[in-house]
Protein chains: 2
Amino acid sequence: MNISIGTLATRTGSKVQTIRYYEQLGLMPEPDRTYGGQRRYEQAAIKRLSFIRHARALGFSLDQIRNLLDLADDPARDCASADSIAREHLAAVKAKIAALNSLKRELTRMVECCDGTVTAHCRVIETLANHDLCASTRHETVT
Amino acid sequence: MNISIGTLATRTGSKVQTIRYYEQLGLMPEPDRTYGGQRRYEQAAIKRLSFIRHARALGFSLDQIRNLLDLADDPARDCASADSIAREHLAAVKAKIAALNSLKRELTRMVECCDGTVTAHCRVIETLANHDLCASTRHETVT
DNA sequence: CTAATCTCTACAGTGACTGTAGGTTCAAGA
DNA sequence: TCTTGAACCTACAGTCACTGTAGAGATTAG
C-alpha cells in the first residue's frame, strides 16, 4: 500500500502520464500526497486502473468506461445497463471484424498478383486508383 | 472540368475541409483559383482524391498514402515498394483481426452469461475487473 | 439586383494519449 | 548526515486525421 505513481504504472502496464490524465478526467480519484506533493496510491487504485486498462484493451471508449465505473461504484448497480454497453460494443466489434475481413481479402488480392516479383504492371497502385472498388467500406474508415 | 471544392467533395465522398487539409499536407496539389480566390479543380483531382479516400478506407495512413502517391507519380515507379507497403499493411490488418476475434469471444462470454435477464451478479463488470483476463491483448489497444 | 448558397482563412476542438522543459522530492548508498 | 541520481511535479505542446466554428467575401439562380 501507499505506492508511487511509477510503481502503479508498472503494476498495471500503463504510463505515468496516462494515470495523471485519467485523474484529470476524473476516472481515477485524486490520491493522497506526500508532504512533498507526490502521489501515493492504495491497493484499490491498482484494481481500478486495471479495470480501466483492461476495458481499453477491449476497445471500450473512456466514456463507456466512465459509465461502467459509475455502475460499479453504485451499490444498487444496474446490471442491465452494463450489459447493454457490452452488447452495443460487441455489435461494433463484429462490424469492425467484417470490414477488416473484406479489407484483408482486397489487400491479399493486391499483394498476390505481384507475388514477390517486380512486374511491369503495378497492381497495388492500380487497385487503389480504381475508386469503384470496395464500395462497401468506402465511407467507413477502419483504423 | 473546373469544378468547385464542394462538387469535388460530393463526387468523392469527402468533406470540403478534408480536401483543404490534404492540400495543406501536400497530398493534393494546389489548384487554380477564380479571380475571387475560390479553388477550381480539374478531372485529375477527382482521381487523385478518390485514390486517397479509397486507400484511407482500406486503413492506410496518410504517410503510407504519400509514399504510394510518390511511387505513382514517378514514371519509373518501383512496384516492389508499393508491394511491400501493401504487404506490411496486410500483416497489420491480419493482426488486428486476430485481436478483435479474441475480443469478440470475451465480449460474447460477458454478454451471454446475463442473456437479457437482470441477475444479482453483474458479470460484465466482474469480467472487466478481473485483470488477469485477456492477457494476450492487454498491452495492445484495439480501436 | 437580391437572396441564398457556397467558399474563403484562420483557428479551436476531438480522443486518448505521449513528449518536453524546467524544476522539486525521495530513497539508497557512502 | 550528506550526496547523488532516479523518480516525481506542473504545465503545456504535439500526435493523427480530421471536424467544427466564426466572420467575411464570392458566386449563382431567379
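Note that the structure is predicted; figures quoted are calculated from it, not measured. Below, each value reflects all heavy atoms present in this structure, side chains not excepted, and no hydrogens, waters or symmetry copies. Throughout, a chain's letter reflects where its sequence line sits, starting with A, and its residues are numbered from 1.
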Which donor-acceptor pairs under 3.5 Å do the side chains of residues 22-29 of chain A make with protein atoms, sequence neighbours left out?
{"from": "Y22(A)", "atom 1": "OH", "to": "R53(A)", "atom 2": "NH1", "distance (Å)": "2.6"}
{"from": "E23(A)", "atom 1": "OE1", "to": "R39(A)", "atom 2": "NE", "distance (Å)": "2.8"}

*Would you check if L49(B) and Y41(B) make a side-chain contact, meaning some heavy-atom pair closer than 4.5 Å?*
no

*OP1 or OP2 of dT27(D) less than 4.0 angstrom from a side-chain nitrogen or oxygen of S4(B), does that happen here?*
no

*What residues form a side chain to side chain contact (heavy atoms under 4.5 Å, CB included) with S84(A), not counting sequence neighbours?*
none

*Find the distance I65(A):CD1 to dG15(C):C1' and express it as a whole number of Å.*
12 Å

*Sequence neighbours excluded, which residues qualify as side chain to side chain contact (heavy atoms under 4.5 Å, CB included) partners of D63(B)?*
S61(B), R66(B)

_Just to verify, what does N101(B) make a side chain to side chain contact (heavy atoms under 4.5 Å, CB included) with, not counting sequence neighbours?_
I97(A), I97(B), K104(B), R105(B)

Do any N or O atoms of the protein come closer than 3.5 Å to N or O atoms of nucleotides 2-4 of chain D, and which pairs are they?
none

_Between P on dC9(D) and CZ on R33(A), what's the gap in Å once rounded to a whole number?_
6 Å

_Residue list, side chain to side chain donor-acceptor pair (under 3.5 Å) with T7(B), at least two apart or on another chain_ = S4(B)

*asked:* Between K15(B) and dG20(D), is there a contact of a side-chain N or O with OP1 or OP2 at under 4.0 Å?
replied: yes

*Rounded to whole angstroms, how far apart are CZ on R39(B) and C1' on dC6(C)?*
13 Å

_Any residue in residues 17-28 of chain B with a heavy atom nearer than 4.0 angstrom to DNA chain C? Just list them by number, or reply none._
R20(B)

*Take atom CD1 of I3(B) and atom P of dT7(C), then tell me their distance rounded to the nearest Å.*
10 Å

*Please list, chain by chain and in numerical order, all residues satisfying side chain to side chain donor-acceptor pair (under 3.5 Å) with Q64(A), sequence neighbours excluded.*
none

*Those residues that, when tested against R20(B), pass side chain to side chain donor-acceptor pair (under 3.5 Å) (two or more places apart)*: none

*Assign a letter to each nucleotide of nucleotides 23-28 of chain C from its 5' end: B, base within under 4.0 Å of a protein heavy atom; S, sugar-phosphate only; -, no contact.*
--BSS-

